[in-house]
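Notes for the one structure printed next.
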Protein chains: 2
Amino acid sequence: MPKLGMEPIRKAALVKATIAEIGAAGSLDVTVSQIARRAGMSTALAHHYFGNKEQMFLAAMRHVLSIYGAEVRGALATADGPRERLRAIIRVSFAAGSFRSEVVGAWLNFYVLAQTVPEAKRLLRIYQRRLRSNLLAELRPLVGGDASDVADGLGALIDGVYIREALSDGAPDGAAAARLVLAYLSCRIDGTGANRG
Amino acid sequence: MPKLGMEPIRKAALVKATIAEIGAAGSLDVTVSQIARRAGMSTALAHHYFGNKEQMFLAAMRHVLSIYGAEVRGALATADGPRERLRAIIRVSFAAGSFRSEVVGAWLNFYVLAQTVPEAKRLLRIYQRRLRSNLLAELRPLVGGDASDVADGLGALIDGVYIREALSDGAPDGAAAARLVLAYLSCRIDGTGANRG
DNA sequence: GTTTTTGTTGATTGACGAGTCAATAAACTT
DNA sequence: AAGTTTATTGACTCGTCAATCAACAAAAAC
């Protein structure tokens, strides 16, 4: 049956299965068997393409991060003015592309992975830095010298909402999550807690 | 050598060792051997007192949570007025008793544990509810109907700062962390981002 | 002074899982 | 047609680790 050019297909299936398994298990304690089974192949093949489990985890992380990055770019492309661009970044952070229970569950575990795997830490740092610089660029014209503080606050708040979501039952409520973060933003840039628009 | 009344001493040593091991490893992937060795006893004895590893983890969680609870109560006992009481809760959340790298590392992993162990989820929920109700009681006289939103925001922000800390190198900077959260509070209750006092 | 309770451990069991390997087969190359 | 590369897997190795057990020791109870 060996059709050629399977590598990217298999890898993609494994990445997807890895995220799903970690999300479903709520832990990094998933076996290569489970991942391979979900992806519809043998464990030997999974090892063949990724070498070891850690590489599968890292590929899954890169995938989640790149999806998120693409969504942010997409959202920014159609948003005008600092206020709207900030709102767009926040809204997209809780949009259906990333704010799904399996992804949230995986996200939490990527933080744990980053404690022991330097490459995972590096990836998470890149995400944090990029988010921070995106926020800073729009915040500076609005709050000047406080931009740095506000950006840190927003970053921490977004992460906090994410992990709290991992603990709740039921499907994530992205709208509510976004509202919460938008309220923080409004307060810092308009001096009000109200969240209109 | 069998001195009597060892049980509480051994258990306390194991709880402490469990937190230290999880914090040091940055993961729940610690063996009973490691924990027992650090606590100065055999693995068999650890099993004798706790039955299984999960119970050790849960005991460690209860310990961390109870320390935090005690510190909050202590801080509230000497704080007057809603503003000061809120500030006290935030400050104590980042005080040296709980905001230490091993504890922060363990904390992150307790979130992961809560994904699979119902009792862990229950404990974390109790912490969240208690924090929320503490905040709510002081926020209501200050912001009325917005109290609920602000409490949710503060809770998420505190958690966010915690997990971000788990990712940074070097000793935690509790003062900076508290400042960040206090700025959010000021903004929501005073309508300003500035953080005085 | 024997029996019971409490403390303690080395050795063992039993399960599980990551990673390897040899083997098979289909497609491409020459 | 022979040889090479790519795809694929079942079976196996080797290590690890949670949990158990039998045994020993000292204090307490009777």
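Heavy-atom basis, side chains included; hydrogens, waters and symmetry copies ignored. So that the names make sense, note that chain A is the first sequence line, chain B the second, and so on, each numbered from 1.
- Rounded to a whole Å, the CD atom of B:Glu7 is 15 Å from the P atom of C:dT5.
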Inset, instruction - If a protein heavy atom is under 4.0 Å from the base, mark B; if only from the sugar-phosphate, S; if neither, -; do that for nucleotides 15-20 of chain C going 5' to 3'. - result: --SSBB
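- Side chains of A:Arg132 and A:Ser148: a donor on one and an acceptor on the other come within 3.5 Å.
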Legend entry - Test side-chain contact (heavy atoms from CB on, under 4.5 Å) applied to B:Leu167 and B:Ile163, step by step: CA-CA 7 Å; B:Leu167 208 44; B:Ile163 61 161; over 6 Å; no
Inset, instruction - Please report the C-alpha distance between A:Tyr127 and A:Trp107 in whole Å, then the side-chain angles of each, then the deciding distance to 0.1 Å, and finally whether the ring pair (Phe, Tyr, Trp, His ring centres under 6.0 Å) criterion is met. - result: CA-CA 12 Å; A:Tyr127 143 79; A:Trp107 189 254; 5.0 Å; yes
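- For A:Asp169, the side chain to side chain contact (heavy atoms under 4.5 Å, CB included) partners at least two apart in sequence or on another chain are B:Lys121, B:Arg125.
- For the pair A:Gln34 (side chain) and A:Thr31 (backbone), a donor-acceptor distance under 3.5 Å is present.
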Nucleotide N/O of nucleotides 28-30 of chain D paired with protein N/O under 3.5 Å:
none

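- Judged by distance alone, the side chains of B:Ser168 and B:Glu165 do bring a donor and an acceptor atom under 3.5 Å apart.
- In this structure, A:Asp146 contributes its side chain and A:Asp149 its backbone to no donor-acceptor pair below 3.5 Å.
- Taking 4.0 angstrom as the limit, B:Tyr49 places none of its side-chain polar atoms (N or O) nearer than this to OP1 or OP2 of C:dT6.
- One finds a side-chain N or O of B:Arg10 lying less than 4.0 angstrom from the OP1 or OP2 phosphate oxygen of C:dT8.
- Put simply, the side chain of B:Arg85 gets close to the backbone of B:Ala79: a donor and an acceptor are under 3.5 Å apart.
- For the pair B:Leu14 CG and D:dA18 P, the computed distance is 13 Å after rounding to whole Å.
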